[in-house]
Amino acid sequence: MESQVGGGPAGPALPNGPLLGTNGATDDSKTNLIVNYLPQNMTQDEFKSLFGSIGDIESCKLVRDKITGQSLGYGFVNYSDPNDADKAINTLNGLKLQTKTIKVSYARPSSASIRDANLYVSGLPKTMSQKEMEQLFSQYGRIITSRILVDQVTGVSRGVGFIRFDKRIEAEEAIKGLNGQKPLGAAEPITVKFANNPSQKTGQALLTHLYQSSARRYAGPLHHQTQRFRLDNLLNMAYGVKRFSPIAIDGMSGLAGVGLSGGAAGAGWCIFVYNLSPEADESVLWQLFGPFGAVTNVKVIRDFTTNKCKGFGFVTMTNYDEAAMAIASLNGYRLGERVLQVSFKTSKQHKA
DNA sequence: TTTTATT
């Protein structure tokens, strides 16, 4: 299915170049593997135990989306012994796990030049095979993977596919050379462009999803509601309280002592975020809350000695409506394995 | 007319 390239040994040593590998440094190219097409629901623990069954693992990582915590369907395994890495490829590559056939290969050295090298191709002749598509593109560089999407029922090509090159430059050249061109004997020209980057898309998709799902659950069809009314309903959800008068929001009555922060951090609405993972960092909070509006400050509360997150943090937002929308949307949101609790920070300290 | 390949 996929091309079997991937990783491969490093190129020949340069004449007169420095001799590498004589100082006892680890040669990652022989121990570090990339694993692709993992089932979506596989956990880090399952991933580790599967590959740990081959031999001693130096480190391994199931790659997850920064924001949602969802598995991205691939991971890395670094073995202590190169022989185990080789054994893992021989025994686990092609293994069927649920609906997926996993791919295990040597990881290429990580570098900026291999990122964003994935192309989206459309307008392909329905008769074109994956191999033919690869032949068309291989003149521009080394192909890491290719895929043609097919109709799930009939199995016939949808005329749409992906090509991942080893280097971004190669992908750029392929766009220049093939976008708008007709393959030999084809009636229509093909479109070649960079594929959507899933990691960038997530924020937007998350937002859209949250808005739509909250609005539907709590306010009914959007076209029957005004902005004001929708926000009111979202607030009902955020507080778990029935609110009878929308005017209460505008006046912000009933909210005394809640959320509004003064002090050195500047004015704004302070939001309490609970059930963050020990690995959570500030960037996660920026990414989660940023899409809802102006965020002036985020803070992850960490243990002094371990520097791990103690499970909660704070976010300050400038505008009340945006803060309320963020709370309504993100409270109860599942972040990885955890369900977030999000609310305005309450001031328990005040003694009247 | 968008699958989940770079920590």
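To find a chain, count down the sequence lines: A is the first, B the second, and so on, and within it residues start at 1.
- A straight line from NZ of A/K126 to C1' of B/dT1 spans 11 Å, rounded to a whole angstrom.
- Among the atoms of the strands shown, base atoms are found under 4.0 Å from some heavy atom of A/S110.
- Atom-to-atom, CG of A/N78 to P of B/dT7 comes out at 14 Å; the value is rounded to the nearest Å.
- Looking at every heavy atom in both residues, A/Y140 comes nearest to A/G177 through OH-CA, 3.3 Å.
- Using modelled atom types, no side-chain atom of A/R158 and backbone atom of A/V150 make a donor-acceptor pair closer than 3.5 Å.
- The listed nucleotides are B/dT2, B/dT3, B/dT6; the one nearest the side chain of A/R147 is B/dT3.
- Between the CG atom of A/L119 and the P atom of B/dT3 there is a distance of 16 Å, given to the nearest Å.
- Comparing B/dT1, B/dT3, B/dT6 against the side chain of A/A195 picks out B/dT3 as the nearest.
- The phosphate of B/dT4 has OP1 or OP2 within less than 4.0 Å of a side-chain N or O from A/K100.
- Cation-pi geometry between A/K30 and A/Y106 is not met: the NZ or CZ atom fails to fall both under 6.0 Å from the ring centre and inside 45° of the normal.
- Rounding to whole angstrom units, CZ of residue A/F194 and P of B/dT3 are separated by 18 Å.
- Side-chain proximity of A/N118 to B/dT2, B/dT4, B/dT3: nearest is B/dT3.
- Proximity note for A/N32 (side chain, C-beta onward) versus B/dT7, B/dT2, B/dT4: the nearest is B/dT7.
- The distance from atom NZ of A/K193 to atom C1' of B/dT2 is 9 Å, rounded to the nearest whole Å.
- For A/E173 and A/K176, the salt-bridge test passes: some basic side-chain N is under 4.0 Å from an acidic carboxylate O.
- We find that the ring of A/Y120 and the base of B/dT1 do not stack by the test of centres under 5.5 angstrom and planes tilted less than 30°.
- Proximity of A/R64 to the phosphate of B/dT7: no side-chain N or O atom is located under 4.0 Å from OP1 or OP2.
- Checked against B/dT4, B/dT2, B/dT6, the side chain of A/F76 finds its nearest nucleotide in B/dT6.
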